[in-house]
Amino acid sequence: EAQVTQNPRYLITVTGKKLTVTCSQNMNHEYMSWYRQDPGLGLRQIYYSMNVEVTDKGDVPEGYKVSRKEKRNFPLILESPSPNQTSLYFCASSRTSGGFTDTQYFGPGTRLTVL
Amino acid sequence: AQSVTQLDSQVPVFEEAPVELRCNYSSSVSVYLFWYVQYPNQGLQLLLKYLSGSTLVKGINGFEAEFNKSQTSFHLRKPSVHISDTAEYFCAVSHINTGNQFYFGTGTSLTVIP
């Protein structure tokens with residue numbers, strides 16, 4: 001089954017404790033992206049990646065890191081989480097054609113709470 | 001700067017009635033346009049998209065949208081809604097010259113009333 005998986009689905013942590021949210025896709029998509037969803041703000045793009053070793057900032061990259069060492073994986077790293085990073089996080093992937101990113105396929109989401 | 005405005009945060013509608021969810025965008029360059037739906041406790045999935053060609057786009061589950069370049073709008077419509085259409089709907093844009101960074105609206109919560 002074609003899918004985007006995220007782990008963990010739920011996470012409660014404390015301020016300053018480094019964490020990683022994993023994202024994996026089995027569709028051989030070149031493009032992967034991370035979003036955060038907050039009430040009243042919709043989805044905001046954190047980082048995206050066009051391919052292995054190629055990453056770019058989205059609208060809200062502060063406080064986050066990403067890496068793309070393999071095509072299927074795109075982990076999101078919070079080196080020193082703060083309460084304002086409490087949110088629902090989505091990973092997405094897409095095929096690209098001529099540099100254009102088509103339909104994105106979203107994971108089920110990771111609900112993060114930073115105390 | 002790119003922005004996407006969904007004018008209605010909540011839209012209640014009776015079952016079998018028509019519905020329109022509004023989306024406007026601001027951009028100085030040409031864009032691609034998308035509507036995604038999010039059912040409770042799930043990720044987003046694509047409803048429909050406008051890339052080029054006919055400005056009237058048909059999607060899944062009987063939804064359609066019309067791209068209006070002069071009004072910079074991409075409103076979503078369905079002639080007769082069903083209970084199962086209750087969900088959050090997001091409009092999104094990307095720029096034709098880059099096509100890789102996405103901007104989403106704040107979402108419209110559609111509630112279908114029996």
Side-chain angles (χ1 to χ4, degrees), chain A residues 2-7 9-10 21 23 25 27 29-51 54-61 68 74 87-111, chain B residues 1-10 21-27 29-53 57 59-60 65 87-110:
Chain A
Q3 60 183 351
V4 178
T5 57
Q6 296 178 227
N7 283 291
R9 294 289 311 280
Y10 303 90
V21 183
C23 174
Q25 50 96 3
M27 295 171 277
H29 286 164
E30 297 86 4
Y31 182 93
M32 297 186 74
S33 183
W34 276 102
Y35 297 88
R36 60 177 289 174
Q37 182 179 15
D38 301 289
L41 297 177
L43 274 79
R44 292 178 291 168
Q45 194 169 32
I46 303 171
Y47 272 96
Y48 61 96
S49 169
M50 292 297 294
N51 216 323
V54 180
T55 62
D56 279 295
K57 295 178 181 179
D59 254 1
V60 289
R68 188 90 180 274
F74 191 45
S87 187
L88 179 58
Y89 292 86
F90 287 101
C91 180
S93 73
S94 173
R95 67 179 181 89
T96 59
S97 176
F100 158 67
T101 302
D102 205 321
T103 303
Q104 292 184 77
Y105 295 85
F106 285 80
T110 295
R111 187 166 293 281
Chain B
Q2 176 67 56
S3 72
V4 180
T5 302
Q6 292 185 243
L7 296 166
D8 306 299
S9 60
Q10 296 185 10
L21 306 183
R22 296 179 290 172
C23 173
N24 287 85
Y25 65 93
S26 65
S27 176
V29 299
S30 296
V31 296
Y32 298 122
L33 296 152
F34 305 80
W35 274 99
Y36 284 88
V37 60
Q38 183 181 32
Y39 297 107
N41 300 313
Q42 294 186 27
L44 283 72
Q45 62 186 80
L46 184 75
L47 265 182
L48 49 79
K49 60 188 175 185
Y50 172 79
L51 306 180
S52 64
V57 179
I60 62 171
E88 188 90 16
Y89 292 79
F90 292 94
C91 181
V93 305
S94 65
H95 294 156
I96 283 180
N97 57 348
T98 60
N100 306 316
Q101 189 165 357
F102 286 81
Y103 303 89
F104 281 75
T106 52
T108 297
S109 178
L110 174 66

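In what follows, chains carry the letters A, B, and so on, assigned in the order in which the sequence lines appear, proteins first and then strands, with residues in each chain numbered from 1.
Between A:Thr101 atom OG1 and B:Phe34 atom CZ the span is 8.0 Å, to the nearest 0.5 Å. If you take CG on A:Asp102 and OH on B:Tyr32, they are separated by 9.0 Å, rounding to the nearest 0.5 Å.
Of the atoms belonging to A:Leu41, it is backbone heavy atoms, and not side-chain ones, that fall under 4.5 Å from chain B. Heavy-atom distances place the side chain of B:Gln38, and not its backbone, under 4.5 Å from chain A. A:Gln6 does not touch chain B: none of its heavy atoms, backbone or side chain, sits under 4.5 Å away. If you measure heavy-atom distances from A:Tyr105 to chain B, you find no contacts under 4.5 Å at all.
B:Leu44 places none of its side-chain heavy atoms less than 4.5 Å from the side chain of A:Gln104.
With chain B as the partner, the residue from A:Val4, A:Leu43, A:Asp38, A:Asp56 showing the most heavy-atom pairs under 4.5 Å is A:Leu43.
Counting non-hydrogen atoms of neighbouring residues, nucleotides and ligands closer than 6.0 angstrom, the CZ atom of A:Arg44 exceeds 12 such neighbours.
For the residue pair A:Gln45 and B:Asn100, the shortest heavy atom distance occurs at NE2-O, 3.9 Å.
Using a distance-only test at 3.5 Å, with no hydrogens or angles considered, no donor-acceptor pair links the side chain of A:Tyr35 to the main chain of B:Phe102.
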